[in-house]
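Positions are given from 1 along the sequence.
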Amino acid sequence: MTEPLAARLRGLRTSIFSEVSAAAATHDAANLGQGFPDDDPPAHVVAAAHVALDDGHHQYAPGPGIGSLRHAIADHQRRFHGLTVDPRTEVTVTFGATEGVTSAILALCDPGDEVIVLDPVYDSYPAIVAIAGAELVRVPIDPPREDRGWHLDLERLAAAFSSRTRLLVLNSPHNPTGLVLSPDELDVIAALCIEWDVVAVTDEVYEHLVHDRSHVPLATRPGMAERTVTVSSAGKTFSATGWKIGWAVAAPPLTSAIRAVKQYLSFSGATPLQHAVVAALGSDQQVYDEVTDRNHRRHHLLLEHLRAGEVAVTPSAGTYFVTVDLASLGHPDATAFSRTAPEQYGVAVVPVAAFTSRPDEVRSLARLAACKHDEVLVEGVRRLVAARR
């Protein structure tokens with residue numbers, strides 16, 4: 001008898017994320033674990049949401065999203081990445097980036113197809129692939145070592161492609177490792193997708209949270225615009241993770257398939273907030289620079305205090321996150337530490353093992369989030385260092 005889907009999904013997802021956040025709240029711990037920002041959205045974006053409410057935008061938006069937001073997304077892709085897309089036929093507003101990824105995988109996969117992901121992997125991807133009835137193929141990202149940070153072996157990635165490969169789900173900047181793929185690496189990946197006739201679904205929600213301002217979408221590489229579904233959202237860039245306004249950008253045939261699925265998921269969502277995200281995406285360059293600079297400064301503040309406390313840490317090239325090795329504090333099991341630390345030490349972290357099928361290789365590694373107020377970061381590191389044994 002086939003195992004029920006709910007049972008399979010429970011087997012995929014660890015409860016550690018909700019456990020850590022709940023324990024942090026209960027014990028008033030410094031929460032360096034969950035990746036949500038302490039900041040509010042820019043004032044003009046919040047004001048735009050109020051205006052949309054006052055103007056009576058309370059009913060269903062069109063399924064693909066309001067026209068002004070689809071145009072704003074197309075303008076964003078051209079402004080920052082040089083991509084020309086048609087807002088009518090190539091842009092779909094989704095209920096967060098997760099719905100964009102979900103719609104693409106469900107629309108483009110048949111049972112038995114293979115979907116390649118990078119491991120450690122954002123926890124929703126394996127669940128979505130399971131719902132689609134497809135097969136997950138994990139390609140390991142090598143853990144940090146003394147002479148380098150997280151590393152993707154492109155030969156290992158190439159070996160994962162086969163005649164059964166339908167999709168590559170690519171997350172860059174990468175959660176949880178902070179890896180950002182270079183243009184040269186993306187060119188290799190593009191060539192593999194073309195060779196094997198594979199569609200790429202790229203999760204780029206951290207696109208404006210890179211430390212050298214050099215995020216490059218896979219869709220910009222030769223031959224990839226027509227075979228890439230580019231997913232992003234307003235949540236991370238504009239500190240509005242609870243708004244759940246995302247988007248999927250793809251060539252018309254892919255967009256048609258995505259919309260066919262999406263209409264049976266959320267149909268549409270958060271009409272007044274869609275109007276507010278028009279204002280967000282149209283922000284002056286200064287607003288985008290402030291977002292990037294604040295993330296960069298906090299990343300280095302976190303690194304500075306961790307190093308001062310003699311905690312082994314791997315910087316990231318992008319995202320909110322850094323990787324620490326808790327073995328340097330005498331805690332070889334990051335999962336066990338994460339379950340007791342909020343109460344015992346007053347600090348919350350997330351184990352990298354929660355994101356991978358090879359937990360033994362990353363047993364002592366934890367993910368810390370730098371998207372917190374300065375005083376939370378400093379106090380959180382102080383409490384982490386005090387946990388040394």
Would you confirm whether the ring centroid of [Y] sits within less than 6.0 angstrom of the ring centroid of [X]?
X      : Y      : result
His71  : His76  : no
His299 : Phe321 : no
Tyr206 : Tyr320 : yes
Phe238 : Tyr288 : yes

Whether [Y] and [X] form a salt bridge (side-chain N of Lys/Arg under 4.0 Å from carboxylate O of Asp/Glu) is what I want to check.
X      : Y      : answer
Glu99  : Lys262 : yes
Arg164 : Asp110 : no
Asp360 : Arg363 : no

Any luck finding a side-chain donor-acceptor pair between [X] and [Y] under 3.5 Å?
X      : Y      : result
Ser214 : Asp212 : yes
Thr271 : Gln59  : no
Ser283 : His44  : yes
Ser21  : Gln34  : yes
Glu90  : Thr255 : no
Thr319 : Asn175 : no
Ser239 : Asp40  : no
His27  : Gln344 : no
Thr323 : Trp150 : yes
Arg78  : Thr84  : no
Glu310 : Ser328 : no

Shortest non-hydrogen contact from [X] to [Y]?
X      : Y      : value
Ala29  : Val347 : CB-N, 3.7 Å
Pro62  : Ser268 : O-CB, 3.8 Å
Ala348 : Asn31  : CB-OD1, 3.7 Å

- Item | Partner of Thr202 by side chain to side chain contact (heavy atoms under 4.5 Å, CB included), out of Thr228, Val101, Leu186 | Thr228
- Item | Exceeds 12 heavy-atom contacts within 6.0 angstrom, atom CD of Glu155 | no
- Counting heavy atoms not belonging to His50, are there more than 12 under 6.0 Å from its NE2? no
- Go through the steps to decide whether Phe355 and Phe17 satisfy the test ring-ring contact (aromatic ring centres under 6.0 Å, His included), and finish with yes or no. CA-CA 10 Å; Phe355 297 88; Phe17 302 100; 5.2 Å; yes
- Message: Against the six-membered ring of Tyr345, is Arg383 placed for a cation-pi contact (under 6.0 Å from the centre, within 45° of the normal)?
- Response: no
- Classify the ring geometry between His296 and His211 as parallel (under 30°), tilted (30 to 60°) or perpendicular (over 60°). tilted
